[in-house]
Each structure stands twice: as C-alpha cells, then as structure tokens.
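Reminder, nothing fancy here: chain letters follow the sequence lines and each chain counts from 1. Please read all numbers here as calculations on a predicted model, not as lab measurements.
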Amino acid sequence: MSDYITFALPKGRIMQDSMELFARIGITCPEMNGDSRKLVFENPDTKFRFMAVRATDVPTYVEYGCADLGVVGKDTLLEQGKDLYEPLDLKFGFCRMVVAEPGVLLRDEDPASWSNIRVATKYPNITERYFAERGVQVELIKLYGSIELAPLVGLAERIVDLVSTGATMRENGLVEVETIAEITSRLIINRASLKTKHQRITRIIQDLERVLAEDVAND
Amino acid sequence: MNRHVIIPDAPLPRGVKDFLPNKAAKIEYLKQSLKDVFHRWAFRPIIPPSLEYLEVLERGLGEGLRDRTFRFDDRQNGKLVAFSPDITPQVARIVATRMKNAPLPIRLCYNGKVLRHTEQQAGKDREIIQAGVELIGLQGPEADAEMIAMAIECLQSLGATEFTVDIGQVEFFHGIMDDLNLPGPQALAVQQAIARKDSSGLADLLSELSLEDHKYAEIMALPRLFGGREVLERAAQIVANDRSRRALENLRQILAVLETYGVEEHVTFDLGELRGLGYHTGVTFQGFLTGMGSAVCSGGRYDSLTERYGMPAPATGFAFNLLNLLTSLDRDLERTVVQSIDALILQNGPDKRSAQRLARTLRSQGYACARDIIERSLQDSLDYGRKMHFRYVMVVEDPTDNVRLIRLADNAEQMISLQAVLAGELRL
C-alpha cells in the first residue's frame with residue numbers, strides 16, 4: 001500500500017487539466033482513459049494512484065492522509081483553512097472571488113459606506129473574514145448553488161461567489177463591486193506524506209515547478 | 001434475554017470516547033511500552049493534577065492552546081480553574097516551584113489525559129492521552145539528541161517500521177526574519193505562507209517589500225528546505241546571518257550524536273517547519289508514521305518556560321499522542337495486545353467448591369481465570385468463552401473430580417485429575 005503515491009483530484013475539468021500537466025512530467029494513468037465509473041485508478045508500473053472526489057472533499061482526503069497529494073482551488077483552501085502544505089500554484093482553473101450586487105443598488109450607494117449588510121454565499125468563512133477585516137457586519141446566508149438568484153428574489157442584497165468570465169452575473173443584472181481574491185488551482189500535500197515520502201514528492205514538486213516555469217517563459 | 005431493548009438515551013459530548021476492553025488493552029500496552037523506554041533512559045514518573053488555576057496555567061501555554069482550554073468557576077473561591085490542555089507547562093511549574101533545589105539535570109516522565117477545544121467538527125478528539133518526558137537543566141545539543149533518539153526508540157519499541165522524525169530549528173527562521181523589521185500582520189502573513197510551504201503566496205507578499213536579493217533568496221528558500229540531511233548543506237549555502245548559521249551548527253551537532261546512537265536513518269529535516277513557534281526556542285521535532293495524516297509525537301527545546309514560574313532553566317522534551325498512535329498502529333497491535341484470558345472454570349451440580357479451589361490454584365500460579373457462575377449448558381459456556389477470548393474451558397466433573405480441559409482454538413480435549421491440577425502439575 002504505502003509504496004504508492006496517491007492523488008485526490010476533483011472530478012471534471014480540473015482533473016483533466018491536472019492529468020495533462022502530470023503527463024508532462026511522466027505521471028500517467030492509462031486506466032483512466034477507459035470509460036469507467038470507477039473512483040480509483042492505478043498505474044501499477046509507476047506506483048501512482050488517483051482518486052476522483054468532489055472538489056470540496058479533496059482537502060479532507062489529503063488532510064487525513066488517504067491521499068498524499070491533491071489538486072484543489074484556492075477558494076476551497078481559503079474556505080476550509082485545513083492544516084496542509086500547498087507548495088505550488090498550478091496556474092490553471094483561473095477565476096476570481098468577488099462581491100457582487102444588482103446594478104441598481106450600486107448606483108444608489110457607495111460600498112465604502114456599508115456597515116451592516118446581508119450576503120448570500122457558498123463561502124461563509126471567506127465572506128465573514130473579508131468583511132470583518134473591513135469592519136462591516138454581515139448577516140450570512142449559506143447557499144449551495146445558484147447564488148446569483150439570491151439578490152433577484154430579495155434573499156440577500158449581495159453575494160460573494162466565484163466568477164470566471166462574468167457572463168452569468170451579467171445576465172442576471174449583477175455587477176462586481178470588489179475582488180476578494182484571485183483563485184487558481186493548487187497542489188496540496190499531506191504533512192506526514194511530505195516527510196515520510198520526501199524523495200518522491202520532492203521530485204514531483206521540482207518537476208512541476210520546472211514545467212510551470214517553462215510555461216511562464218513561453219508566455 | 002431480550003437484547004432488542006430500546007437504546008437508553010445516554011449520549012457523550014463530542015470529541016470524547018469510551019474505550020472498550022480491546023482498545024483499552026492497546027492503549028495500556030502503548031503506555032507501558034513508552035514507560036519502559038522512558039525508564040531505560042532514567043526518567044522518573046510524576047503525576048500532575050488535572051485541575052489548575054487558569055491564571056497559573058496560562059503563564060505556560062502558547063497562544064494556540066490558550067484559546068483551547070476548558071475553563072470554569074471554582075465554587076470554593078470564585079477563581080477560574082482549567083483542565084490542562086498540555087502537561088509540559090504543568091511539569092515546568094512543578095519543577096520551578098517544588099523541585100527548585102533538586103540537582104540538575106532533572107529527568108521526568110508522565111502520562112495522562114488532557115482536554116482541548118477543537119473546531120466544531122464531529123469526530124475530532126477533545127480528550128487526548130499524552131505520554132512524554134521533560135529533560136530540565138541541560139543546554140547542549142546532546143540533550144536534544146537524547147530526546148530525538150528516545151522518540152525513535154519509542155517508535156521502534158512499538159513495532160513501527162516506516163516512520164520519520166522530522167527535525168526543525170526555529171532559530172534558523174528567526175535569524176532570517178530578524179533584520180526585516182516587518183510590521184506584525186505582515187510578519188504573520190509571511191510566517192503563515194512559509195508554514196503552508198506556499199511559495200507563490202510568499203512571493204506575492206514579498207513583492208510588496210523591496211528586499212535585497214540575498215534576503216529575498218533566504219526567505220524564498222524556506223518553503224523548500226526539507227528532506228534528508230543534504231538540507232543542512234543546501235541551507236548553509238543560502239544563509240549568511242549568524243543566528244541562522246548557529247542554528248545549522250546546532251543541528252549538525254545533534255545529527256552527530258544521533259549517528260553515534262545509530263538512528264540517523266530515521267530523521268529528516270525541515271527548516272520551514274514553524275509549528276510551536278510561540279513555545280519553542282531551538283530545535284523542534286515531530287514523529288510521523290506512514291499513512292497517518294498527523295504527527296504521533298512532537299517536541300523540542302523550550303528554554304524560557306520554567307522561567308515563567310520563577311526558575312530560569314534550559315529544557316527540552318517531547319510527548320506522544322496515544323490516540324494518534326492507536327489509530328495508526330491499531331491493526332499491528334491486534335496480534336501483540338489482544339489479551340486472551342487463560343481459563344473459564346465451571347462445575348456441574350450444586351457444590352462448586354472444587355471449581356473454586358481450582359480457580360484459586362491457577363490464579364496463584366499466575367494464570368488469568370474466571371468462574372462461569374451462571375448455570376447453563378456446556379455449549380453456552382463454550383460460546384461465551386470463545387466470544388470473550390478465553391483460551392480454555394475447564395469443567396470439573398462430579399463426582400469423579402476429574403477436570404475436562406477443552407482448548408477453544410481447536411476443541412481438543414483432555415482429562416486430568418483435579419488433584420494433579422491442585423498440585424500444580426498443569427501447564428496451560
């Protein structure tokens with residue numbers, strides 16, 4: 001068991017991006033290419049294992065050591081605040097964490113004058129911390145999806161959410177008022193794994209760092 | 001007997017557990033094994049109280065644990081009292097106040113339970129069982145090496161094979177940060193980025209400052225200075241300041257002692273490891289087992305702790321978290337620890353005196369045995385014996401006074417006379 005290096009990857013687009021990046025440093029998993037409902041894939045020749053999990057669960061699998069490494073958005077890391085190493089910005093999965101509100105509202109009032117507001121979000125911890133630093137009291141409404149709906153039906157005046165192109169927000173009459181953070185995908189590592197498997201993991205970090213630096217140079 | 005009764009409503013608070021015989025036996029075994037190692041290194045046990053005045057306890061607690069202390073009113077005098085979240089400050093207090101005239105060095109060990117608040121998440125332990133040692137009155141690297149070598153010996157004595165003790169040095173970090181003069185919040189942000197090994201986040205933070213190139217290189221190296229002993233050489237090429245170089249020299253001296261003890265293959269280094277920064281003043285270390293997400297032991301040097309209780313003295317020590325050890329070694333311990341009990345003794349008929357005499361004789365010989373006492377069929381007694389991990393069932397047969405000895409592992413039977421057993425001729 002323990003001679004394997006295990007990755008926890010979020011199902012979907014980020015998993016594809018991750019595997020494309022890993023392929024460039026020789027980490028592959030042919031088993032994954034087959035159409036499969038499997039959740040765990042192995043490459044027995046190179047001793048790598050890959051688990052497909054929900055994005056928000058990636059830090060949990062890594063924190064408990066079920067996976068040695070993981071790929072996850074900085075938004076999830078900021079929200080969960082788990083005790084993990086995050087040595088690399090993988091430079092994909094770009095988006096922004098923003099505060100948005102209906103355009104009408106923005107015309108009528110200045111964000112600098114906020115003292116007490118109601119905010120709907122999937123990210124209650126980030127939201128609370130952000131507004132606390134600004135000295136604004138918030139009433140948080142935790143939602144699990146379609147955050148843009150909240151201001152339209154009067155559930156909250158404002159939202160905190162991720163945007164990549166901003167199209168969904170525009171279509172729903174929302175405008176971005178403030179950017180909380182720039183988000184990208186990060187490589188995360190379990191603390192014990194980094195120590196007990198430091199040779200293989202250091203190698204992975206160094207190889208990825210080299211490949212990412214090449215990309216920057218080519219840009 | 002009807003077992004399908006409604007489960008009574010008797011819940012436990014979150015984060016505490018009942019340990020049933022199987023798990024309890026493993027915990028006792030861990031405690032005993034560690035205690036044996038502590039004894040071989042000449043550490044003597046002490047037992048601190050579970051309650052202390054908050055105000056006294058807090059003097060010795062780092063920032064992180066202060067917020068996690070369980071506290072309440074003492075009805076006898078209205079003061080705030082607390083359950084200790086860590087035993088080290090208690091030992092520091094005891095040494096500084098009650099043993100200040102004892103000759104140095106003082107070697108003490110302990111084991112006990114501590115309570116800590118955790119973030120609101122089901123399943124995280126709030127009650128932690130610790131076993132550890134404190135070595136008070138010694139300054140040199142050999143004392144720190146003794147702690148690390150002991151921690152390794154502890155892990156070996158528990159049968160762990162794949163593990164590492166990861167060594168850090170907070171002075172190395174302080175040396176790099178010293179002449180930066182960052183304001184508090186910024187220094188904290190830099191420290192947190194280093195602790196997460198977040199190079200890109202760190203680079204962002206540093207880009208706002210205009211640092212000299214060599215200073216920038218020193219800080220940016222911190223998240224990557226982990227690995228085998230080659231880390232010490234890499235670090236030496238990067239840092240120029242005296243404080244960091246002294247820290248490296250200290251680590252080299254410790255490593256030399258560990259080589260003499262023959263345990264250097266089990267250590268790794270991490271100069272960007274900043275856990276316990278508030279408390280430690282030199283070398284720090286943590287023990288990790290493969291497959292276990294968090295550390296099973298942690299320790300280091302704390303030269304300013306006993307001073308807070310009135311007796312300045314250098315000190316170093318470590319503690320194991322027994323529940324983390326249990327989680328990672330659970331399956332391996334199954335073989336070593338599950339205590340089988342030697343014999344279940346029964347006798348048919350109203351007169352039980354032969355069975356009682358038999359039990360008494362076996363116990364005096366050092367065997368663990370129990371009387372069945374309940375009147376039931378032999379088959380039921382055998383089932384019971386198997387479920388409860390007995391090795392043998394012994395039936396005293398009336399009126400012949402022969403003993404039927406049934407080995408539960410394979411149902412092998414033999415007959416022996418009661419007289420022979422009472423005369424001590426039976427070996428189980």
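Interface residue B:A195: only backbone heavy atoms are found under 4.5 Å from chain A. Both the backbone and the side chain of B:S199 come within less than 4.5 Å of a heavy atom of chain A. For a residue to count as touching a neighbouring chain, one of its non-hydrogen atoms must lie under 4.5 Å from one of that chain's; by this rule A:I201 does not touch chain B. Of the atoms belonging to A:D89, heavy atoms from both backbone and side chain fall under 4.5 Å from chain B. Only the side chain of B:D270 comes within less than 4.5 Å of a heavy atom of chain A; its backbone N, CA, C and O stay farther away.
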message: Could you go through A:Y85 and B:R196, starting from their C-alpha distance and side-chain angles, then the distance that decides it, and tell me whether this counts as side-chain contact (heavy atoms from CB on, under 4.5 Å)?
response: CA-CA 4 Å; A:Y85 294 136; B:R196 291 194 308 268; 5.5 Å; no

task: Give the intermediate values and the outcome of salt bridge (charged side-chain N to carboxylate O under 4.0 Å, His left out) for residues A:K197 and B:E162.
output: CA-CA 10 Å; A:K197 303 177 181 178; B:E162 289 180 39; over 6 Å; no

field: Intermediate values then yes/no, side-chain contact (heavy atoms from CB on, under 4.5 Å), A:R186 and B:S200
entry: CA-CA 10 Å; A:R186 306 297 170 112; B:S200 55; 3.4 Å; yes

task: Dump the intermediate steps for side-chain contact (heavy atoms from CB on, under 4.5 Å) on B:F226 and A:T202, then the final yes or no.
output: CA-CA 9 Å; B:F226 63 88; A:T202 302; 3.4 Å; yes

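For B:D213, the CG atom is loosely surrounded, since the number of other residues' heavy atoms within 6.0 Å does not exceed 12. Atom CZ of A:R203 has 12 or fewer heavy atoms from other residues, nucleotides or ligands within 6.0 Å. Surrounding CD of A:E128 are at most 12 heavy atoms belonging to other residues, nucleotides or ligands under 6.0 Å away. Around atom CD of B:E334, more than 12 heavy atoms belonging to other residues, nucleotides or ligands sit under 6.0 Å away. Environment of CZ in A:R54: sparse, with no more than 12 heavy atoms of neighbouring residues, nucleotides or ligands closer than 6.0 Å. More than 12 heavy-atom neighbours from other residues, nucleotides or ligands sit within 6.0 angstrom of CZ on B:F318. The number of heavy-atom neighbours closer than 6.0 Å to CD of B:E230, taken from other residues, nucleotides and ligands shown, is above 12.
Remark: B:R275 engages A:D83 in a salt bridge, criterion side-chain N to carboxylate O under 4.0 Å. The pair B:R224-A:E209 counts as a salt bridge, with a side-chain nitrogen and a carboxylate oxygen less than 4.0 angstrom apart.
Atom CD of A:E182 and atom CG of B:D204 lie 9.5 Å apart (nearest 0.5 Å). Atoms CG and CG, on B:D198 and A:L187 in that order, are 11.5 Å from each other to the nearest 0.5 Å. Here A:H198 contributes atom NE2 and B:T268 contributes atom OG1; the two are 6.0 Å apart, rounded to the nearest 0.5 Å.
Here A:P87 is the residue among A:G65, A:S193, A:P87 with the most heavy-atom pairs under 4.5 Å with chain B.
When side chains are defined from C-beta on, A:R191 does not count as touching B:K197, because their heavy atoms never get closer than 4.5 Å.
Shown here for B:T164 and A:T196, the closest heavy-atom pair between the two residues is CG2-CG2, 3.4 Å.
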